[in-house]
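Worksheet: one structure, shown below.
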Amino acid sequence: MDIEIALSVLNSGINNVKFRSDFKYLVIHQISDGVDYSDMARSMPENVRYISSHDVGLSRSRNLAIKYAQSDYIWIMDDDVSIKDDAKQYIQKLAEKYSDTPLLVVSHTLTNENENENEKIKVLNIVSATCICSIDMIIKVSKIRGLLFDTNFGLGARYPSGEEYIFACKLINSGQKLIKSNKICSYHPDITNVNNGYPDKDSLTTKKNMFLTANGSFVGHLLYIAFLFKSLFK
């Protein structure tokens, strides 16, 4: 089992990236500020492949990572995430156990404290898939059957979130099984949980279109109404 970390970086963010020596990296560097980063690109460590793009948007970056992946798996990652020391060993074990699964989902922490909970594994459905965060997604490229992230969703797109959910639901609705583990594999100090309610009209529009795109009109509307009720009474 071979894995690459698919790292999305925008403009000068490339200067702050720190690489671990125990992983391969595929860096997708989106450039929109007109700066020449060629010197930085040439100075990358040997375990890093670098691809520049003048397209913007996280979903476009993820799709380039899928297109240029050279490993069995890619682990979707942002440039400000710290990876736990035991993550690779755990992911390899998980991938071996669920080798037919197109998407493995692990967990992250916001506090950088050690988590010692017993491992819990669950199969995701179109409701529980709302919990997915992109930095927890480990994609088996050969099993996703050409599926890409919807470029209308995600940071830098028309709708600023929801791309992870849509990607997952497309797999679920095609009959594939997705696995979620509670194992903490990374630390993100400043992540925004897009599932914590939507107080403004634009965010509600994003949520509604996310459910409709992922599940079709009938089921999508039902899930959106359920989301509204849950938000109202929590």
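Note: hydrogens, waters and symmetry copies are ignored here, and every other heavy atom, side chains too, is used. Along the sequence shown, residues carry numbers from 1.
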Margin query: Tell me whether Gln89 at atom CD has more than 12 heavy atoms from other residues, nucleotides or ligands lying less than 6.0 Å away.
Written below: no
Note to self: The criterion is salt bridge (Lys or Arg N to Asp or Glu O under 4.0 Å); which residues satisfy it with Lys93, sequence neighbours excluded?
What the structure shows: none
Next item on the list: State, yes or no, whether a side-chain contact exists between Val27 and Phe19 at a heavy-atom distance under 4.5 Å.
Entry: yes
Checklist line | Connected-component partners of Val56 among ILVMFWY, side-chain separation under 4.5 Å | finding: none
Margin query: Between Lys84 and Thr109, is there a side-chain donor-acceptor contact under 3.5 Å, judged purely by atom types and distance?
Written below: no
Check: Is there side-chain contact between Val17 and Leu7, with heavy atoms separated by less than 4.5 Å?
Finding: yes
Check: Looking only at atom types and distance, does a side-chain atom of Ser61 sit under 3.5 Å from a main-chain N or O of Val9, one as donor and one as acceptor?
Finding: no
For a quick test of your reading: what N or O donor-acceptor pairs under 3.5 Å do the side chains of residues 149-159 make, sequence neighbours left out?
| from | atom 1 | to | atom 2 | distance (Å) |
| --- | --- | --- | --- | --- |
| Asp150 | OD1 | Asn152 | N | 2.9 |
| Asp150 | OD1 | Asn152 | ND2 | 3.4 |

Margin query: Are the side chains of Lys177 and Pro102 in contact, using a 4.5 Å heavy-atom criterion?
Written below: no
Margin query: Hydrophobic clusters here meaning ILVMFWY residues chained together by side-chain heavy-atom distances under 4.5 Å, can you tell me if Leu58 and Val105 are in one?
Written below: no
Notebook entry, point to check: Can you find a side-chain donor-acceptor pair between Ser128 and Asn125 that sits under 3.5 Å?
Noted result: yes
Next item on the list: Compute whether any side-chain donor of one residue and acceptor of the other, for Asn215 and Asn173, lie under 3.5 angstrom apart.
Entry: yes
Checklist line | Partners meeting side chain to side chain contact (heavy atoms under 4.5 Å, CB included) with Thr101 (sequence neighbours left out) | finding: Tyr98, Leu104, Ile179
Item checked: Set of salt bridge (Lys or Arg N to Asp or Glu O under 4.0 Å) partners for Asp86, sequence neighbours left out -> Lys183
Next item on the list: Return the set of residues passing side chain to side chain contact (heavy atoms under 4.5 Å, CB included) with Leu212 (not counting sequence neighbours), or none when no residue passes.
Entry: Lys208, His221
Check: Looking at side-chain heavy atoms only, is the closest gap between Asp72 and Ile3 below 4.5 Å?
Finding: no
Item checked: side chain to side chain donor-acceptor pair (under 3.5 Å): pairs with one or both residues in residues 25-34, sequence neighbours excluded -> Asn11-Ser32, His29-Tyr50, Asp33-Tyr37
Next item on the list: Provide the closest heavy-atom pair for Val141 versus Ala69 in the form atom of the first, atom of the second, distance.
Entry: CG2-CB, 4.0 Å
Check: Sequence neighbours excluded, which residues qualify as side chain to side chain contact (heavy atoms under 4.5 Å, CB included) partners of Ser38?
Finding: Asp36, Arg42
Notebook entry, point to check: Going by heavy atoms in the side chains, are Leu124 and Ile132 under 4.5 Å from each other?
Noted result: yes
Note to self: Can you pull out every salt bridge (Lys or Arg N to Asp or Glu O under 4.0 Å) where at least one residue sits in residues 95-108? Sequence neighbours excluded, please.
What the structure shows: Asp100-Lys143
Next item on the list: Of all the heavy-atom pairs spanning Ile135 and Trp75, show the shortest one and how long it is.
Entry: O-NE1, 2.8 Å
Checklist line | Inter-residue atom distance Ile14.CD1 - Leu10.CG, 0.5 Å rounding | finding: 10.5 Å
Next item on the list: Without swapping roles, check the side chain of Ser174 against the backbone of Leu171 for a donor-acceptor pair under 3.5 Å.
Entry: yes
Checklist line | Qualifying residues under ring-ring contact (aromatic ring centres under 6.0 Å, His included), relative to Tyr224, sequence neighbours excluded | finding: none
Next item on the list: Any pair with a residue in residues 9-29 that passes salt bridge (Lys or Arg N to Asp or Glu O under 4.0 Å), sequence neighbours left out, goes on the list, sorted by first then second residue, please.
Entry: Asp2-Lys24, Arg20-Asp22, Arg20-Asp85
Notebook entry, point to check: Which residue pairs pass the salt bridge (Lys or Arg N to Asp or Glu O under 4.0 Å) test when at least one of the two sits in residues 43-57, sequence neighbours left out?
Noted result: Glu4-Arg49
Next item on the list: Classify the side-chain pair Ser53/Arg60 by whether it contains a donor and acceptor separated by less than 3.5 Å.
Entry: no
